[in-house]
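Contents: one structure, followed by commentary.
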Number of protein chains: 2
Amino acid sequence: MRETASALAPSPRRREIPPPEPAPRPYHHGDLSRALVLAGRRILETQGPEALSLRAVAREAGVSPAAPYHHFKDKGELLDAVAQEGWKELGHAIGKARAASPNARGAINEIGVAYVCFARQNPAVYRIMYRSACDRGTMPDKAKEADSGWRHVAEAIVAAGADPNDAREMELATIASWCAAHGVAEMAGFKEFEPLKKALGGEEAFVRAVLGHIGIYGHAKPPAKA
Amino acid sequence: MRETASALAPSPRRREIPPPEPAPRPYHHGDLSRALVLAGRRILETQGPEALSLRAVAREAGVSPAAPYHHFKDKGELLDAVAQEGWKELGHAIGKARAASPNARGAINEIGVAYVCFARQNPAVYRIMYRSACDRGTMPDKAKEADSGWRHVAEAIVAAGADPNDAREMELATIASWCAAHGVAEMAGFKEFEPLKKALGGEEAFVRAVLGHIGIYGHAKPPAKA
DNA sequence: AGATGATGTTGACATCGTTCAGATAGGTGC
DNA sequence: GCACCTATCTGAACGATGTCAACATCATCT
């Protein structure tokens with residue numbers, strides 16, 4: 001929809017004009033790798049995940065369909081890079097939610113809400129993030145880094161945990177809360193829940209209520225010791 | 001696929017006698033609609049979700065690429081039909097798990113385990129099921145039917161609930177447990193959890209442990225029958 | 001029988017992911 | 001200045017895909 005004029009009209013490349021604009025397409029894009037990731041993100045947000053083709057990304061970035069192959073092995077790798085960006089943002093959102101919580105137990109709750117809200121506000125990106133993760137059967141590497149969401153959750157769990165010495169229980173609790181948040185994130189948009197959402201006063205209230213029924217979150221008691 | 005194959009290999013096909021097999025391709029397939037769904041399922045199980053193209057399904061069913069269009073509006077509708085089959089199976093698995101549980105509270109646990117086990121044993125089908133559901137933003141219609149998994153969960157929740165009069169809490173609990181199971185189902189395969197799985201003695205033990213940390217499942221007083 | 005509609009096939013089109021040979025720039029050593 | 005080198009980008013191509021229109025085949029009703 002953008003400048004597809006060149007596709008319709010046989011426009012001879014106008015290379016006589018010394019660019020009045022400082023940097024239209026200097027043949028060698030400054031940092032195409034980064035531009036492609038941003039273009040992918042833009043397409044995701046405006047057209048949804050179905051429209052995210054390699055060619056569309058190249059088009060959006062203003063390069064030929066073959067150009068991306070000098071920066072990514074294949075389409076999957078490009079998508080992984082886009083997903084990576086999403087994970088980083090998720091990590092920040094979670095970190096912010098955690099920092100804003102007064103006590104440790106409340107932090108777990110707020111993290112869960114922040115997680116689901118991020119997914120609901122960036123559905124296309126979230127989709128790609130988990131498609132990439134499930135395809136490769138692994139959480140993104142970055143999720144193990146300092147500011148990663150996973151680490152925030154793990155630390156919050158430990159901070160609120162009843163038995164900080166039982167590492168296994170702590171890990172299980174971290175996994176459980178992450179899994180639960182992911183499940184809610186993917187299902188919160190289902191039409192069947194609309195009446196309940198409305199009755200509760202909006203989606204965030206709904207999310208809080210659902211998470212409230214999930215052990216680690218809400219009204220539950222500390223993780224039971226085995 | 002190639003004629004050259006017959007040149008390389010001495011083709012053992014002796015087609016002098018056509019009549020003995022009266023029904024190789026009777027032009028009009030008996031029930032192509034059904035055959036296509038089964039073919040799709042077969043492809044999912046043998047080649048995974050990436051290989052599930054319309055043309056591949058048609059090939060597997062032995063018809064031309066355009067034939068499916070007389071039975072399904074487009075590829076999405078075919079996939080929906082395949083997913084529908086999966087939901088039915090999931091419903092049965094859940095029903096069986098519920099029936100096999102002596103008490104109501106234990107039933108919720110066993111349902112969760114059965115859910116995740118189904119997803120893990122049929123990963124490709126499960127993927128399609130949720131892709132279809134998320135794309136359309138709705139649980140499949142059939143999920144509201146008599147033998148549906150959702151109804152089993154809702155009934156089990158009610159049976160074990162502390163306050164059967166509070167419909168809203170019951171619904172929230174149903175949603176929460178379903179979401180949690182879905183989350184675990186999608187993440188249980190991540191490589192990061194392999195060590196813990198091994199330490200716990202296998203994937204099912206891992207799943208039980210994780211679910212044990214999730215409210216509806218976990219805060220049940222009787223410690224899981226270990 | 002003959003007409004009709006459901007069901008299947010062939011062939012075509014646009015798009016997609018991907019590859020490959022060449023064009024283009026920025027940098028290096030001379 | 002020059003020639004070369006390497007990284008990057010383009011153009012054209014190939015096979016595969018989803019989809020459609022035109023045609024073929026068969027089952028069924030009258």
Side-chain angles (χ1 to χ4, degrees), chain A residues 1-4 6-16 18-19 22-37 39-40 43-44 47-82 128 131-132 135, chain B residues 1-2 4 22-37 39-40 43-44 47-82 128 131-132 135:
Chain A
M1 290 277 186
R2 270 282 153 97
E3 44 176 26
T4 56
S6 60
L8 295 177
S11 71
R13 44 173 98 161
R14 41 181 185 84
R15 46 209 288 278
E16 330 173 11
R25 296 298 123 95
Y27 197 97
H28 281 71
H29 199 294
D31 184 0
L32 184 56
S33 182
R34 175 111 198 101
L36 288 170
V37 173
I43 290 178
L44 272 183
Q47 281 132 303
E50 317 298 320
L52 190 62
S53 64
L54 220 209
R55 291 177 109 104
V57 173
R59 232 163 347 199
E60 173 80 14
V63 294
S64 84
Y69 285 88
H70 291 269
H71 302 267
F72 302 96
K73 193 176 117 288
D74 55 9
K75 183 191 179 187
E77 221 175 55
L78 208 187
L79 264 44
D80 283 353
V82 176
I128 296 293
R131 188 151 88 68
S132 167
D135 281 349
Chain B
M1 287 250 193
R2 295 264 166 149
T4 57
R25 308 290 132 86
Y27 197 95
H28 280 74
H29 197 293
D31 183 0
L32 183 55
S33 181
R34 176 111 198 101
L36 288 171
V37 172
I43 289 178
L44 272 183
Q47 282 131 300
E50 319 297 320
L52 190 62
S53 65
L54 221 208
R55 291 177 111 104
V57 173
R59 231 164 343 195
E60 173 79 17
V63 295
S64 82
Y69 284 89
H70 289 273
H71 301 267
F72 302 96
K73 189 176 119 288
D74 54 11
K75 183 192 178 187
E77 219 175 56
L78 208 187
L79 264 45
D80 284 352
V82 176
I128 296 293
R131 188 152 88 70
S132 168
D135 280 350

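The sequence lines fix the lettering, A, B, ..., with proteins before strands; numbering per chain opens at 1.
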Rounded to the nearest Å, what distance is computed from the NZ atom of residue B:Lys73 to the P atom of nucleotide D:dG18? 14 Å
Less than 4.0 angstrom between a side-chain N/O of B:His71 and OP1 or OP2 of C:dG8, yes or no? yes
Taking for each residue the nucleotide of DNA chain C with the nearest heavy atom, is it A:His70 or B:Pro65 whose nucleotide lies nearer the 5' end? B:Pro65
Among the nucleotides C:dT18, D:dT10, D:dT17, which one has an atom lying closest to any side-chain atom of A:Arg55? C:dT18
Whole-Å distance between D:dT19 P and B:Leu79 CG? 10 Å
For A:Tyr69 and D:dC9, give me the distance from atom OH to atom C1', rounded to whole Å. 15 Å
Side chain of B:Leu54 (C-beta onward), nearest among C:dT9, D:dT19, C:dC16: D:dT19
For atom NZ of B:Lys75 and atom C1' of D:dA16, their distance in whole Å: 12 Å
For residues A:Ile43 and A:Glu60, report the shortest heavy-atom separation together with the two atoms involved. CD1-CB, 3.9 Å
Just how far, in rounded Å, is P of D:dT17 from CG of B:Asp74? 17 Å
Report which part of the nucleic acid A:Ser64 touches: base, sugar-phosphate, or nothing (heavy-atom distance under 4.0 Å, all strands). base
If you check every side-chain atom of B:Ala67, which of C:dT9, D:dT10, D:dT19 has the closest atom? C:dT9
Between B:Ala51 and B:Ala56, the two heavy atoms sitting closest are O-CB, 3.6 Å
For a side chain to side chain contact (heavy atoms under 4.5 Å, CB included) check, start with the C-alpha distance between B:Glu50 and A:Asp135, then their side-chain angles and the critical distance, and finish with the verdict. CA-CA 10 Å; B:Glu50 319 297 320; A:Asp135 281 349; 4.0 Å; yes
Whole angstrom value for the distance that separates C1' of D:dC26 from CG of B:Asp31: 17 Å
Of D:dC9, D:dC20, C:dC20, the nucleotide closest to the side chain of B:Ala66 is D:dC20
Scan A:Val37, A:Leu54, A:Leu79 and name whichever one has a side-chain contact (heavy atoms from CB on, under 4.5 Å) with A:Phe72. A:Val37
Does A:Arg59 put a side-chain nitrogen or oxygen below 4.0 Å from OP1 or OP2 of C:dC16? yes
Side chain of A:Leu32 - closest among D:dC9, D:dG18, C:dG17: D:dC9
When the distance from CZ of B:Phe72 to C1' of C:dG8 is rounded to whole Å, what number comes out? 15 Å
Of all the heavy-atom pairs spanning B:Ala58 and B:Pro65, show the shortest one and how long it is. CB-CA, 3.9 Å
How many Å lie between CG on B:Leu78 and P on D:dT17, as a whole number? 14 Å
